[in-house]
**Q** 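Just dropping this structure here.
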Amino acid sequence: MAKKGFPGMGGNMNNMLKQVQKMQKEMEKMQGQLEEKEVEASVGGGAVVVKVNGKKEILDIAIKPEVVDPDDIEMLQDLVLTAVNEALRSADEMVNSQMSKVTGGLNLPGMF
């Protein structure tokens with residue numbers, strides 16, 4: 001009678017599944033911690049500062065009054081856009097750095 005599952009891999013498969021489950025729990029814990037962490041990006045010599053958390057939620061945007069020029073709204077829009085994109089990039093880097101500690105550098109698409 002043939003064995004079901006993966007012949008010859010019984011013990012190894014169980015060990016691998018335990019490792020995957022352990023990694024999954026560690027990743028969930030790390031994701032919770034990352035939600036609490038914040039990064040910020042500043043552009044224009046501090047004219048616009050954007051804070052983002054590990055879930056990539058924008059927490060705060062600070063704009064110095066002297067950069068608010070009604071005759072040059074485009075410049076302010078560019079500063080805000082640049083600061084937001086930089087803050088989101090920083091959040092991605094933070095998440096990837098922390099998660100790679102858990103996954104050992106394994107690239108697991110869709111996990112974070």
Side-chain angles (χ1 to χ4, degrees):
M1 179 177 269
K3 290 184 176 180
K4 293 181 180 179
F6 298 97
M9 292 189 67
N12 289 339
M13 184 58 85
N14 285 338
N15 287 340
M16 188 168 78
L17 286 174
K18 286 179 185 177
Q19 289 290 72
V20 169
Q21 289 171 340
K22 179 182 175 190
M23 185 186 306
Q24 183 178 16
K25 285 180 184 175
E26 289 177 14
M27 287 175 63
E28 288 171 2
K29 179 181 173 186
M30 181 70 68
Q31 284 175 327
Q33 292 171 349
L34 285 170
E35 290 176 10
E36 302 295 318
K37 292 190 177 193
E38 298 177 7
V39 294
E40 78 175 33
S42 174
V43 297
V48 177
V49 179
V50 175
K51 289 184 184 179
V52 177
N53 68 12
K55 288 176 29 177
K56 298 185 208 172
E57 296 172 333
I58 297 172
L59 302 173
D60 188 45
I61 297 176
I63 301 172
K64 286 188 175 179
E66 57 266 22
V67 297
V68 181
D69 179 354
D71 295 327
D72 194 1
I73 296 298
E74 279 188 29
M75 181 191 68
L76 180 56
Q77 290 170 334
D78 288 344
L79 288 170
V80 171
L81 184 63
T82 301
V84 167
N85 285 331
E86 184 59 34
L88 291 174
R89 261 191 302 278
S90 294
D92 277 341
E93 289 174 9
M94 176 184 64
V95 168
N96 290 336
S97 171
Q98 294 298 311
M99 285 299 181
S100 70
K101 292 177 184 175
V102 173
T103 64
L106 213 64
N107 185 11
L108 303 173
M111 294 300 287
F112 47 90

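Quick caveat: nothing in here was measured; it's all calculated off a predicted structure.
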**Q** Nearest heavy-atom pair of Ala47 and Leu79: which atoms, and what distance?
**A** CB-CD1, 4.4 Å
**Q** Could you grab the distance from atom CD of Glu93 to atom CZ of Arg89, nearest 0.5 Å is fine?
**A** 8.5 Å
**Q** Of all heavy-atom pairs between Ala41 and Ala87, which one has the smallest distance, and what is that distance?
**A** CB-N, 3.5 Å
**Q** Which atoms form the tightest heavy-atom contact between Lys56 and Ala91, and what is the distance?
**A** CG-CB, 4.3 Å
**Q** Work out which heavy atom in Ser42 is nearest to a heavy atom in Gly46; give both atom names and the distance.
**A** OG-CA, 3.1 Å
**Q** Just wondering, are more than 12 heavy atoms of other shown residues or ligands nearer than 6.0 Å to CD in Glu74?
**A** no
**Q** Report the distance from atom CD1 of Ile73 to atom CD of Gln77, rounding to the nearest 0.5 Å.
**A** 6.5 Å
**Q** Rounded to the nearest 0.5 Å, what separates atom CD in Gln19 from atom CE in Met16?
**A** 10.5 Å
**Q** In terms of hydrophobic clusters joined by side-chain contacts under 4.5 Å, are Val68 and Val48 together?
**A** yes
**Q** Any chain of hydrophobic side-chain contacts (each under 4.5 Å) joining Met94 to Val49?
**A** no
**Q** From Leu17 CG over to Asn12 CG, what is the distance, rounded to the nearest 0.5 angstrom?
**A** 11.0 Å
**Q** To the nearest 0.5 Å, what is the distance between OG (Ser97) and CG (Asp92)?
**A** 12.0 Å
**Q** To the nearest 0.5 Å, tell me how far Glu36 CD sits from Asn53 CG.
**A** 8.5 Å
**Q** Do NZ/NE/NH1/NH2 and the carboxylate oxygens of Glu26 and Lys29 come within less than 4.0 Å?
**A** no
**Q** Applying a strict under-4.5 Å side-chain criterion to I, L, V, M, F, W and Y, I'd like to know whether Val84 and Ile63 cluster together.
**A** yes
**Q** Would a hydrophobic clustering, with Ile, Leu, Val, Met, Phe, Trp and Tyr connected at side-chain separations under 4.5 Å, put Val95 with Leu59?
**A** no
**Q** Using the rule that Ile, Leu, Val, Met, Phe, Trp and Tyr join whenever any side-chain heavy atoms are under 4.5 Å apart, tell me whether Ile61 and Val52 fall into a single cluster.
**A** yes
